[in-house]
Amino acid sequence: MHLLLFGPPGAGKGTQAKILSETLGIPHISTGEMLRQEMADETPLGRKAREYVDRGNLMPDDIMIGIVEHIIDSPPCKNGMILDGFPRTVDQAVALREMFTRRKLVIDAVLFIEIPHELIVERLTNRAIVENRADDEPRSIMNRLVVYDKNTAPVKHFYEDEGLLRHIPGIGTVEEVSERILGAIKK
Ligand code: ADP
């Protein structure tokens, strides 16, 4: 099964992806986590990522598309995956569709986790204290929201047109949100 998790920063994608991954037995692939690991390891990719990620900007599409193509072909993902954080632009969505078509794979559902704007800021500000992520600093949070509205929100319409989008209200307890997601997948 191939699932995409989509939604604004702070919507709870990472938390839900981990739960789904355990429930369904397929790997959780977070492009954001992957980049943070590369940055921590000071790899060439990590050094490049630092120019974008800490300020809340997006990495260039060609780099991210190359990374995801590689992941799709990796052995752990041969039975599916939960992709979290990709696609973040319409160009990435188009590239992903091509990758899937070429491999005769299908996207089963795109789970769009929605939360109100005020809650996003509140959650990211709290997370900054707990996780100490450089991009959870107030200026980066604001920039990520602007980038989300401009570049990532249009991806929602792309998947709406494809008939794959499932709306999941992100308010409530972690368990309530996972129940909603599991219900949406079964449909
Ligand atoms: P969020 O908390 O916003 O969901 P992520 O952990 O998914 O954050 O991503 C953190 C950062 O990593 C993004 O703000 C961006 O700089 C970079 N990033 C992750 N995925 C992508 C992608 N598909 N395209 C471009 N940049 C990406």
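Counting convention: from 1, in listed order, for ligands and their atoms alike.
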With heavy atoms of [X] as the reference, note each atom of ligand 1 found under 4.0 Å away.
X    : answer
K13  : 4 (O)
Q92  : 22 (C), 23 (N), 24 (N), 25 (C)
R144 : 1 (P), 2 (O), 3 (O)
P9   : 3 (O)

Is there side-chain contact between M59 and R88, with heavy atoms separated by less than 4.5 Å? no
Would you mind checking which non-hydrogen protein atom is closest to [atom], with the distance to 0.1 Å?
atom                    : answer
atom 20 (N) of ligand 1 : T31 OG1, 2.8 Å
atom 25 (C) of ligand 1 : M59 N, 3.2 Å
atom 11 (C) of ligand 1 : V53 CG1, 3.8 Å

For [Y], is there an ion pair with [X] - N to carboxylate O distance below 4.0 angstrom?
X    : Y    : answer
E42  : R50  : yes
R103 : D73  : yes
E160 : R166 : no

With heavy atoms only and a cut-off of under 4.0 Å, state how [X] meets ligand 1: side chain, backbone, both or neither.
X    : result
N57  : backbone
R123 : neither
L35  : side chain
R127 : side chain
M64  : side chain

Decide whether the shortest distance between a heavy atom of R36 and an atom of ligand 1 is less than 4.0 Å. yes
Looking at R55, I'd like to know if its CZ atom is crowded, meaning that more than 12 non-hydrogen atoms belonging to other residues, nucleotides or ligands lie closer than 6.0 Å. no
With clusters defined by side-chain heavy atoms of hydrophobic residues (ILVMFWY) lying less than 4.5 Å apart, directly or transitively, does L5 cluster with I185? yes
Donor-acceptor pair between N151 and T89 side chains, under 3.5 angstrom: no
Can a donor-acceptor pair be found, under 3.5 Å and without considering hydrogens, that links the side chain of E98 to the backbone of A95? no
Walk me through whether E33 and K18 qualify under salt bridge (Lys or Arg N to Asp or Glu O under 4.0 Å). CA-CA 12 Å; E33 253 172 42; K18 283 187 192 82; 3.4 Å; yes
Which option out of E33, E131, E51, R88 puts a heavy atom nearest to atom 8 (O) of ligand 1? R88
